[in-house]
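Protein chains get the first letters and strands the later ones, always in sequence-line order, with residue 1 at the start of each. Model, not experiment: these values are computed from the prediction. Just so you know, these numbers use all the heavy atoms, side chains as well, and skip hydrogens, waters and symmetry mates.
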Amino acid sequence: MSGRFDPSQADRRWQSRWNEEGSFAADSNSNKPKTYVLEMFPYPSGRIHMGHVRNYTMGDVIARFRRMQGHEVLHPMGWDAFGMPAENAAMERKVHPGEWTWANIRTMREQLKQLGFALDWEREFATCDPAYYGHEQALFLDLFEAGLVYRKESEVNWDPVDMTVLANEQVIEGRGWRSGAPVERRKLAQWFLKITDFADDLLDGLADLKDWPEKVRLMQENWIGRSKGLQFRFRLAEAVDGLSDVEVFTTRPDTIFGASFVAVAADHPIARAAANADPGAAEFIAECKAGGTSAAEIETAEKKGYATGIEVVHPLDPEWRLPVYIANFVLMDYGTGAIFGVPGHDQRDFEFAKQYHLPIRRVVAASTAVASEPIGTEAETAPGVAVNSRFLDGLPSDEAASEVIRRAEQAGWGRGTVQYRLRDWGVSRQRYWGTPIPIIHCANCGAVPVPRDQLPVVLPDDVDFETPGNPLDRHPTWKTVECPACGGPATRETDTLDTFVDSSWYFIRFASQPPDRPFDRTEAEKWLPVAQYIGGVEHAILHLLYARFWTRALQRLGRISISEPFRGLFTQGMVTHETYRAGDGSWLSPDEVRKDGDDWVHIESGVPVTPGRVEKMSKSKRNTVDPEPILAKYGADAVRWFMLSDSPPERDLEWSEAGIEGASRFVQRVWRLASDPKTAEGEDEPLKRKLHRTISAVGEAIDGLQFNKAVAQLYELTTAIEKANPSQTRAEAVRTLLLLVAPMAPHLAEECWALLGEQSMIADASWPTFDPELLIDDEVTLAVQVNGKLRDTLVAPRGLARADVEALALASGNVQRQLAGASPRKIIVVPDRLVNIVA
RNA sequence: GCGGACGUGGCGGAACGGUAGACGCUGGGGACUUAAAAUCCUUUUCCCGAUAGGGAGUGCGGGUUCAAAUCCCGCCGUCCGCACCA
């Protein structure tokens, strides 16, 4: 048999076969061990991109591999379908966000199916379906009733033109990313989830996530940002507006005698009190409030303060007075919104003190001997021993800190506390295309939950996007309702939930989807936690933290027994491509340019093009490659194979035409082997060993998600088979090769499997086993070194005695020449590996 | 500023402290062909050498070790995350 493997025929054929047989439907009642493999579900943006292909290919290999190993595998797919792009499309193209979203889902579903993923499509859902978000509303109410949801005024980035709240990352240089209008800081009543209640649990839980990347655990740890310290009160020298003290937090109580000032946030009650009496203070506060809350915004802002004239008394010395400033760098929502400044040992305080000519005192030193050294050009933040600190003098920093906390608690002016960087999760969005928050506002009864029998609260379809702002808010009837409690006139909450809520529990819904409640506990727990979760590192913090929180909240409510949703996590690298720029600096797409010798030219105009850096595929850089035409040209398996070869999965993968060509070549090589398995009588011992070693190595590589290594192993085996003479072993090796290739190139494997005359599908075949005896060779190649440098290699029987090895090595001509008659001082023998002769 | 990762041929990358460069891509040479495609063979870290062989070599400088890409110390560079966090 000859010819070529034709994916345009084979792909479709096997995809329908798997579909007809329900090969990948997950059976909850199966007796097999259960494995839940999940990739982060996609946002239906329009078309599949290479990043999706890479992500889902990796998950698919794991899913298929586990299935072959005899596991019952749950490998579902769905759509994270709410979000802003749909509304933007609605504004730009005058289509309803739902229509746009569902059309995208149809397109992308077809594209995914062309890749032949072993997915259980029966469980597919989209989060924008009331059948999903209705259950989410029920869960929200569960959290509400458990006291994990509250409403609070909070400061937000407000775009006055689009009339919406912007996330920090949507504020660019102080302006709204769409409207370009200067962003205002505004107070708005928002719904919050009490994630901070779980701060310690979420932090402690990280220690058990052994199969998570260290990097992600660290990022979460830093994000939660637990710090221990002292919270204490400064008494005001004179009460102002009924305020008699100011509360501060510090992680360095040991520096308490180094204090030179107190600074409060612009929103702090003391600041407001000062403003009442002093127009200068009021003006300063107004200045602080202008501008966005983004990180970039804050970074560039100059450190400024305003002396209020108010004074406080040092808690450890009634005679000691400190000035109170209003400062633009003090945050109202971290700690207490007030600090005491220790310029000698905090760089920011140091700069502030320089600017406002405040004392800079040394209270920490390397030793008491250098207590009188002045502080130099920057603050000394390292710990040491306390100096110039009265009763603390000579104590190491940590002991001094404990001593201050002890005294504060004893005297009642302060206490040891823990602060977190983590804030409660604000989930209100002033958008249409999201899950409506199931709350009704009544003038008499306040915020009342929507009764359960009225769920889901469904989004109205008749909305317009002609005017900016939230269409739900200006809908003629939707928000007008009766209060469920008193029957009086009331209005619906028109904010919708942050889309991160949708993705905080979808993995539970995949595992169990009863029509009448969010999930069935017993059913869900058959699958959960997810054994292997795969996605981009960009979700290392938010999504993964929110999902962990949501799972813990459900656990606290007694709804589920697990506390961690994802046992194994893998963050894959991006797909990148070279960028090209025309003379005028505009970006050109890969199919607009052509390589001409060593240079690149614009195909249309023939003008030279400057190749730029290799970067993540993005629309703005125009360096994307659409998977669909590639798929049409090379077939699913070549694309899948390329996604797995070369680059380690956690690193970036550079797309290249040559790479996909290489993958395609491999597909054809396997096909040729299966077309003519060249069987004959007799065994081929070396090939057999190679085969068994490969079975072992490939299994190990896939297990460790080292797909590039599995690929390399399979190339080697393929070459070995090609070079082998016909034998029974060779035929067996071809058959086994197909099994090994099956998780990665499933259509090819099926096609070849059938070619070998197999009746059943390879999808249902078992992963091959290996004989451990065959992994060990009878003969080994020993490296022979002189003074650590390789001088010769020699082949010897395994387990050769030390003395014999030494003799063999010394007999080597190269060794003799190196020794030049001298006798070796020492000979080191590593059995079956190496001899090192020290001359 | 804080935290982290990485640095190996022309390129992507392999390498329990033990033969550096597996495997793939690219390039060179060749076979088959009227020719091409496809395929196959061969070669490809650098330097000296016809070969045998020798020298250098894993960002830079030190160290530990019989032996270091790998462990330790100090630099340099690139990338990522966080950031007035008290």
Side-chain donor-acceptor contact under 3.5 Å, [X] with [Y]:
X        : Y        : result
A:Tyr715 : A:Gln713 : no
A:Asp424 : A:Thr196 : yes
A:Gln220 : A:Arg548 : yes
A:Tyr420 : A:Asp200 : yes

Next item on the list: Using Watson-Crick or G-U wobble geometry with both distances below 3.5 Å, tell me the partner of B:U34, or none.
Entry: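 None - no nucleotide pairs with B:U34, as no candidate has both distances under 3.5 Å.
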Checklist line | Counter-base of B:G7, judged by Watson-Crick or G-U geometry with both distances under 3.5 Å | finding: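 By the stated definition (distances under 3.5 Å), B:C76 pairs with B:G7.
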Between [N] and [M], how far apart are the two [atom1] atoms, rounded to whole Å?
N     : M     : atom1 : result
B:G9  : B:G57 : C1'   : 10 Å
B:G24 : B:C75 : P     : 41 Å
B:A69 : B:A20 : C1'   : 8 Å

Notebook entry, point to check: Taking syn as any angle within 90 degrees of 0 and anti as the rest, which one fits B:G9?
Noted result: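 With its glycosidic angle within 90° of zero, B:G9 counts as syn.
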To the nearest Å, how far apart are [X] [atom1] and [N] [atom2]?
X        : N     : atom1 : atom2 : result
A:Phe666 : B:U39 : CZ    : P     : 14 Å
A:Leu230 : B:A86 : CG    : P     : 14 Å
A:Leu331 : B:A86 : CG    : C1'   : 9 Å
A:Leu790 : B:G55 : CG    : P     : 11 Å

Show me, pair by pair, the donor-acceptor contacts under 3.5 angstrom made by side chains of residues 781-798 of chain A, not counting sequence neighbours?
unit_1	atom_1	unit_2	atom_2	d
A:Asn787	OD1	A:Ala839	N	2.9
A:Asp792	OD2	A:Ser812	OG	2.8

Notebook entry, point to check: At under 4.0 Å between heavy atoms, what does A:Val830 touch on the DNA or RNA strands: base, sugar-phosphate, or nothing?
Noted result: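 If one applies the 4.0 Å heavy-atom cut-off, A:Val830 turns out to touch a base.
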Check: Across the strands shown, which category fits A:Gln785 at heavy-atom distances under 4.0 angstrom: base, sugar-phosphate, nothing?
Finding: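 Base: the residue A:Gln785, judged by heavy atoms under 4.0 Å, touches a nucleobase.
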Note to self: Walk me through whether A:Leu673 and A:Glu722 qualify under side chain to side chain contact (heavy atoms under 4.5 Å, CB included).
What the structure shows: CA-CA 7 Å; A:Leu673 283 178; A:Glu722 284 168 346; 3.9 Å; yes
Short N/O separations, protein against nucleotides 1-4 of chain B, under 3.5 angstrom:
none

Note to self: One thing to verify: whether A:Arg217 and A:Glu214 come together as a salt bridge, which I'm taking to mean a side-chain N less than 4.0 angstrom from a carboxylate O.
What the structure shows: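 Here A:Glu214 pairs with A:Arg217 in a salt bridge, since their nearest N and O are under 4.0 Å apart.
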Notebook entry, point to check: Are any of the side-chain nitrogens in A:Arg693 or A:Asp777 under 4.0 Å away from the carboxylate oxygens of its partner?
Noted result: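 Looking at A:Arg693 and A:Asp777, the cut-off is met.
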Notebook entry, point to check: Which residue lies toward the 5' end of RNA chain B, A:Asn708 or A:Ile828, if each is placed at its nearest nucleotide?
Noted result: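 So the residue in question is A:Asn708.
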Checklist line | Comparing A:Lys723 and A:Asp333 on RNA chain B - which has the more 5′ nearest nucleotide | finding: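 The answer here is A:Lys723.
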Item checked: A:Ile541 side-chain proximity, nearest of B:G81, B:G18, B:G13 ->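 Shortest atom-to-atom distance from the side chain points to B:G81.
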Strictly under 3.5 Å: I want the nitrogen or oxygen pairs between protein and nucleotides 25-31 of chain B, one per line.
unit_1	atom_1	unit_2	atom_2	d
B:C25	OP1	A:Arg665	NE	3.4
B:C25	OP1	A:Arg665	NH2	2.8

Checklist line | Rounded distance (nearest 0.5 Å) linking atom CZ of A:Phe642 with atom CD of A:Glu661 | finding: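 Atom-to-atom, A:Phe642:CZ and A:Glu661:CD are 11.0 Å apart.
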